[in-house]
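Each chain gets a letter, A, B and so on, in the order its sequence line appears, and its residues count up from 1. Everything numeric in this text was worked out from a predicted model, so none of it was measured.
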2 protein chains.
Amino acid sequence: MLTIGKLGAQAGVKVPTIRYYEQIGILPEAERSAGNQRRYSRKALERLAFIRHARDLGFTLEAIRDLLSLSDNPDQSCAAADSIARAQLAEVESRLARLAALKAELERMVVQCAGGRIADCRVIEVLGDHSLCATDHHHTLNQTAQ
Amino acid sequence: MLTIGKLGAQAGVKVPTIRYYEQIGILPEAERSAGNQRRYSRKALERLAFIRHARDLGFTLEAIRDLLSLSDNPDQSCAAADSIARAQLAEVESRLARLAALKAELERMVVQCAGGRIADCRVIEVLGDHSLCATDHHHTLNQTAQ
DNA sequence: TCTAATGTCTCTAGCAACTATAGCTTCAAG
DNA sequence: CTTGAAGCTATAGTTGCTAGAGACATTAGA
């Protein structure tokens with residue numbers, strides 16, 4: 001059995017995060033030592049590593065919740081898992097496209113800046129006037145990051 | 001003078017967001033009508049459009065606060081504005097690189113999934129075992145999105 | 001065996017950048 | 001003059017954690 005600290009170290013997850021995962025029910029309630037400290041089995045480590053890995057790939061905790069419940073039922077069809085992953089891929093692709101446009105615009109801004117006074121600053125000028133932009137990085141749908 | 005609704009419509013910002021910007025001091029307190037409703041000048045519209053545009057480009061509100069105070073002092077050097085923009089560009093570039101790696105991994109996962117049972121599902125399997133990954137999308141530094 | 005250091009416990013509050021709700025007041029059109 | 005849309009304040013919720021306070025548990029060394 002592992003303490004919460006060891007578990008965290010092995011899975012690469014901070015201790016408060018583990019407690020948080022338990023609190024929101026994505027990890028089951030841990031067994032306790034005589035002195036009320038959490039003790040974890042190897043199974044718990046696997047589950048936490050799964051969560052960690054999925055978070056690294058940008059899945060939301062809600063998606064991970066679904067993936068975990070799928071992985072708990074090995075005889076079901078994997079269509080649902082597949083569609084969660086495809087949705088995540090689509091999400092990542094759309095963020096990539098958007099970021100690429102932002103990058104282009106920022107580069108344009110920075111390159112054009114001659115380094116004089118604010119009054120002549122291209123950065124400030126472009127920010128103040130959207131029509132000076134090349135691309136249409138309009139209406140942001142803001143999502144959680146990575 | 002514009003009502004808060006008209007201002008929002010013209011700048012592409014929702015009404016509660018405008019009130020929020022005022023609350024955190026990134027927009028000055030608006031003048032009020034006899035009946036205590038906010039009224040905005042053309043100058044306020046410009047300022048809000050600036051904020052909106054900068055948000056679209058992924059700048060944080062803190063960065064925008066700095067950019068605004070720079071733009072209020074047109075005789076200063078534009079070095080500070082330039083460096084804020086460059087920092088944002090670097091940020092965007094690093095997120096781009098990271099997202100590209102995620103995309104590759106997700107594609108690998110999705111493509112390999114044969115569509116059978118969960119027990120054979122490549123998606124679930126890869127999530128459960130980091131060593132099945134090609135790239136090193138390890139340790140996420142999570143930032144605010146776009 | 002005692003003690004000191006470290007780890008763990010619960011609980012609460014905070015972060016960014018909003019969004020939503022409730023219950024009220026004001027404004028503008030007909 | 002009425003009615004309905006738009007505005008007001010205040011508070012709480014969102015996501016995925018992170019930080020702090022103050023108390024208890026565990027463990028290594030003297």
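- The A/Q37 side chain lies nearest to C/dC9 when the options are D/dG16, D/dG7, C/dC9.
- Within 4.0 Å of A/R19, counting heavy atoms only, lies at least one base atom of the nucleic acid.
- Between A/E46 and A/R42 there is no salt bridge, since no side-chain N of the basic residue sits under 4.0 Å from a carboxylate O of the acidic one.
- Nucleotide D/dC17 holds its C1' atom 14 Å from the CG atom of A/D56, rounded to whole Å.
- A salt bridge links B/E105 with B/R108: at least one charged nitrogen is closer than 4.0 Å to a carboxylate oxygen.
- Residue A/Y20 contributes atom OH, which lies 17 Å from atom P of C/dC15 at whole-angstrom precision.
- Rounded to whole Å, the distance from OH on A/Y21 to P on D/dT15 is 14 Å.
- The nearest heavy atom of DNA chain C to B/K14 and to B/R39 marks one nucleotide each, and the one closer to the 5' end goes with B/K14.
- Nearest nucleotide to the B/T17 side chain, out of D/dG7, C/dA17, C/dC18: C/dC18.
- Salt bridge A/E125/A/R122: present, at least one basic N to carboxylate O contact under 4.0 Å.
- With hydrogens and angles ignored, the 3.5 Å screen pairs no side-chain donor or acceptor of B/R95 with any backbone N or O of A/L99.
- Nearest-nucleotide positions on DNA chain C for B/E62 and B/A34 put B/E62 closer to the 5' end.
- Comparing atom distances between the A/I4 side chain and each of C/dT8, C/dC18, D/dC8 picks out C/dT8 as nearest.
- Listed candidates were D/dT18, C/dC9, C/dT19. Nearest to the side chain of A/P16 is D/dT18.
- Atom CD1 in B/I24 sits about 12 Å away from atom P in C/dC15, given to the nearest Å.
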